[in-house]
Amino acid sequence: MNNKMSSADHLAIGEPQSGSVSNRGRSVYAIVDCDCFYCSCERLFDPSVTGKPVVVLSNNDGCIISRSDEAKSLGVRMGVPYFEAKSVIEKNGVKAFSSNYHLYGDISMRVMDTLRALVGRERVEVYSVDEAFLRLDHIDPERLESFAVEIRDTVQCWTGIPVSVGIAATKTLAKIASRLAKKEKARTGCTLLLLDEEVQRKALMETRVSGIWGIGRSYASKLIGLGITSGWELRNMPESWAHTHLGGVVGRRLIRELRGEPALTMREELDGKKMIATTRMFGRPVTALNELKEAVATYTSRAAEKLRRQQCAATEISVFIVPREENYSLDFRNAPQFTARATLSQATSLTNELIKSAMRLVEEIFSPGATYKKAGVMLGKIRPDVSIQGNFFRTDSGRSNRYLMSAVDNVNFSMRDDVVKFVGTGLDKSWKMRQELRSKRCSTRWDELKEIT
DNA sequence: TCTGGGGTCCTAGGACCC
DNA sequence: TCTGGGGTCCTAGGACCC
């Protein structure tokens, strides 16, 4: 889940569009967006909740992060704490699930593979676990509408996941199209084209600025304060104005995109993450240093696995811990946190080496007597791991350790999480997050296959 | 009592260099 | 009294995304 908007190479201002130049200079982007993805995944293997209200909870069963349409119409809001919504949920028999990322990740791959089969691998940019941009400038304009329907029906048929499709001349307009398509499902059938100028104008007029991709909470309230409330009004502002008020070049791009001039092109295949983080709330408050260390060691092994999966090594590691605040104020998210960072003498992806530094960092920031609710590990300065291909300058022990890690990764992946692990990560892990309502990982674990009786 | 996790990009400003 | 100009690199912080 990453590749947000644009990097410098997406900046197409003042340049012809590179790479994706189409026959008639026409650009056509589609966004395919899974409908309430996590809930839809849960329904795949539990048909008893089809048509019933469903929600999926964040880690630690904290917040609501996905809602079915039925749950939405009961007034269950996105992002609210579970305990606040609990009464509505129980009263209406809403089925709640803990998040099951193994399942969602696997289903996501199937959806993306379907899209690649439909338009070709090089025309698909996976934007997040439940969304992908497609480049459709090879499709005859006459056929676009039926093609959108074909995409929707094929994904539904092959994977069981309902999707919406928005099509327009730019990515930003395509996002608006899919949003409107979802909103007016009955009329649009979940596919919508914003190619005609008049249709575009109407769509932008009924889109609030807060609903535009790239306008978050802070910009939205700023815009409204300046009297700009609709997408259409924003579209008609000068680029130079956007430069000063909406974050410089980012704002300029946004205005161009809204006018139908592509300023964000397709992103190249991911070349690996620049930062890898593993952070978690605890299932209960933690005060003991050794428990804190267990947790941080566990997160470090997880982060190291991610690092090895993309065949990289890191030279920077930082650890943070968050104390439980005394008074449960509104801005609990902005709680102070204590961070320590270390630069490693040599880039590594070995769990034991990373854990060793992490432990020192925990000791640095821990204060006895304090109570903590969350901790995290971040790996930075990431670059390709050369030792795996054999680095003459690295000692043999480093290399064989790297092979050992691959073996551990293989066992843990094929068997079950953490069959093989470092003792420092703890055996009992009573601080672990709560996940009381998790469904089975029936598409990725042999021992959790769906049984039909 | 209880409030997610994991990313990206851009800008401003300081340090440093010639 | 008066004290250059411009480049690069790095970091922190702010914005955004799902």
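In what follows, chains are A, B, ... by sequence order, proteins preceding strands, each numbered from 1. Note that the structure is a prediction, hence the values are computed from the model and not measured.
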(message) Going by purine N1 to pyrimidine N3 plus the second Watson-Crick contact, or the G-U wobble pair, all under 3.5 Å, which nucleotide sits opposite B/dC18?
(response) C/dG5
(request) With DNA chain B as reference, determine whether A/Met281 or A/Arg434 sits nearer its 5' end, using the nearest nucleotide of each. (result) A/Arg434
(message) By the 4.0 Å heavy-atom rule, please label A/Lys374 as base, sugar-phosphate, or nothing.
(response) sugar-phosphate
(request) Would you indicate which nucleotide in B/dT11, B/dG7, B/dG4 comes nearest to any side-chain atom of A/Val249? (result) B/dT11
(request) Using a heavy-atom cut-off of under 4.0 Å over every strand shown, decide if A/Glu131 touches base, sugar-phosphate, or nothing. (result) sugar-phosphate
(request) Could you check whether A/Ser99 gets within reach of a base, just the sugar-phosphate, or nothing at all, counting any heavy atom under 4.0 Å? (result) nothing
(request) Classify the nucleic acid contact of A/Tyr82 as base, sugar-phosphate or nothing, counting any heavy atom under 4.0 Å across all strands shown. (result) nothing
(message) Please pick, from B/dC10, B/dG4, C/dC18, the nucleotide with the shortest atom-to-atom distance to any side-chain atom of A/Ile65.
(response) B/dG4
(request) Name the nucleic acid region contacted by A/Ile212, choosing base, sugar-phosphate or nothing; use a 4.0 angstrom heavy-atom cut-off, strictly under. (result) sugar-phosphate
(request) Pick out which of A/Glu305, A/Arg308, A/Arg302 makes a side chain to side chain donor-acceptor pair (under 3.5 Å) with A/Thr351. (result) A/Arg308
(request) Give me the one residue out of A/Thr170, A/Leu193, A/Leu136 that meets side chain to side chain contact (heavy atoms under 4.5 Å, CB included) with A/Val28. (result) A/Leu136
(message) Classify A/Asp61 by what it touches in the nucleic acid, base, sugar-phosphate, or nothing, heavy-atom distance under 4.0 Å.
(response) nothing
(message) From C-beta outward on A/Phe83, which listed nucleotide comes closest to its side chain: B/dC2, B/dG6, C/dC17?
(response) B/dC2
(message) Mind checking if A/Arg284 touches a base, just sugar-phosphate, or nothing, with heavy atoms under 4.0 Å?
(response) nothing
(message) If you assign A/Arg280 and A/Gly247 each to the DNA chain B nucleotide with the nearest heavy atom, which residue ends up on the more 5' nucleotide?
(response) A/Arg280
(request) Please determine if A/Lys381 and A/Glu316 form a salt bridge, counting it only when a charged side-chain N lies under 4.0 Å from a carboxylate O. (result) yes
(request) Answer with yes or no whether the side chains of A/Ser98 and A/Asp61 bring together a donor and an acceptor at under 3.5 Å. (result) yes
(message) For a quick check of understanding: with a heavy-atom distance under 4.0 Å over all strands, which category does A/Leu246 fall into, base, sugar-phosphate or nothing?
(response) nothing
(request) Identify which nucleotide among B/dT3, C/dA12, C/dC18 has an atom closest to any side-chain atom of A/Arg341, counting heavy atoms from C-beta outward. (result) C/dA12
(message) Using the side-chain heavy atoms of A/Ser218, tell me which of these nucleotides is nearest: C/dA15, B/dT3, B/dG5.
(response) C/dA15
